[in-house]
Structures are given as structure tokens and as C-alpha cells.
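See structure below.
Hydrogens, waters and symmetry mates are skipped; everything else that's a heavy atom, side chains included, is used.
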Amino acid sequence: MNINAHLYRQDDRRHEDRVLVERAGTLRLAEHPPESITIADLTRDGCRIDAPVPLAPGTQIGVGIAGVGVVRAEVRWRNGSEHGCAFAEPLRSGAVTAALMSNVHPFPGSAEPVAASSKLSVGTSSAALFAIAASGWGVVAALLWLVD
């Protein structure tokens, strides 16, 4: 028989389990340039971040999350460089999954994420397919020439 035990703090109002994310994000503070952060875990209601600057509880911030966008949040607690944040509004349904599945990566030397495209344009795909086909026929022609 398997019994699962859960311990809850009385002040813990989290309705969903935290999802370990460990992905790059962006911290946005009013009148400051964006800072790179690590989003440690995420729920629809908030997140835990590792930020290079200490943020006091009550500070209003924006958290840039790949696949989700910039989300308004309030810092609720701080322990060293870790901060617990509550979102002003819950994330849309599927946003946590989008954050986990996102193909957005930070551009080197920048706090701004840049979408990484894994698809080639139609022209590039056509040219690559033509080159592969032509090289195959070139090999066949070379073998026939050598056999003669």
C-alpha cells in the first residue's frame, strides 16, 4: 500500500504543484535595464526566481518568461538571491507547459530573448533538396563514366 503525505503551511495558498523550470528569464524593474534571471520553478499563480539583485518583498516587477511573455508580479519573499513572486493575474491555461516547451533562447550578451527558428524557408528547403538530388545523380553519372 502506498501512502502519500503532504505537508502544508497554513499561509501557503498555492493551488497547483510547482513545476521545476530552471530556465533563463528576464527581470524588469521600472527605470532599470532588463536583468537576466533564472526561473527556478513556476505555477500559474507565481514563480521562484534567482536574481542578481536583491529585491525587497512588496517590489513590483515584470518577469519575462520564454513562451509566455512578460508577467507582472510582486516579490513576496527573499532568501539570498532567491525570490518568491506572486503574479498579479494567474497565467493562462497552458502557459506553464509553454514555458517548459519554449524554443526561445537568450541572445549572447543580451538579456532579451530571441526566438530560435528550427524551420528553413521554402526557398532554402527547395535549394537544399535540389542540391541533394543533383549530387545523387552526379554520383550515378560518375559511376557510369568509370564503368565504361
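In terms of heavy atoms, Ala73 sits closest to Phe87 at CB-CD2, 3.8 Å. Pairing each heavy atom of Arg92 with each of Ala98, the nearest pair is NH2-CB, 4.3 Å. Minimum interatomic distance between Pro34 and Arg28 (heavy atoms only, all atoms of both residues): CG-NH1, 3.7 Å.
Atom CD of residue Gln60 and atom SG of residue Cys85 lie 10.0 Å apart, to the nearest 0.5 angstrom. Remark: Ile61 CD1 to His32 NE2 distance equals 12.5 Å, nearest 0.5 Å. Annotation: the span from Ile39 atom CD1 to Arg48 atom CZ amounts to 11.5 Å, rounded to 0.5 Å.
Judged by distance alone, with hydrogens and angles left aside, the side-chain atoms of Arg44 form a donor-acceptor pair with the main-chain N or O of Leu91 at under 3.5 Å.
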Between Ile65 and Arg23, does a side chain to side chain contact (heavy atoms under 4.5 Å, CB included) hold up when you go through it step by step? CA-CA 9 Å; Ile65 305 170; Arg23 300 203 71 181; over 6 Å; no
Check the pair Val21 / Leu100 against side chain to side chain contact (heavy atoms under 4.5 Å, CB included), numbers first and verdict last. CA-CA 6 Å; Val21 179; Leu100 290 171; 4.2 Å; yes
Hey, mind stepping through Thr26 and Val70 against side chain to side chain contact (heavy atoms under 4.5 Å, CB included) and telling me if it holds? CA-CA 8 Å; Thr26 306; Val70 178; over 6 Å; no
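Using a 4.5 Å cut-off between side-chain heavy atoms of Ile, Leu, Val, Met, Phe, Trp and Tyr, with links allowed through other members, Leu144 and Trp137 fall into the same hydrophobic cluster.
No more than 12 heavy atoms of other residues, nucleotides or ligands sit less than 6.0 Å from atom CZ of Arg72.
Tested against Ile49, the residues Val75, Ile37, Leu42, Asp41 include a single side-chain contact (heavy atoms from CB on, under 4.5 Å) partner, Ile37.
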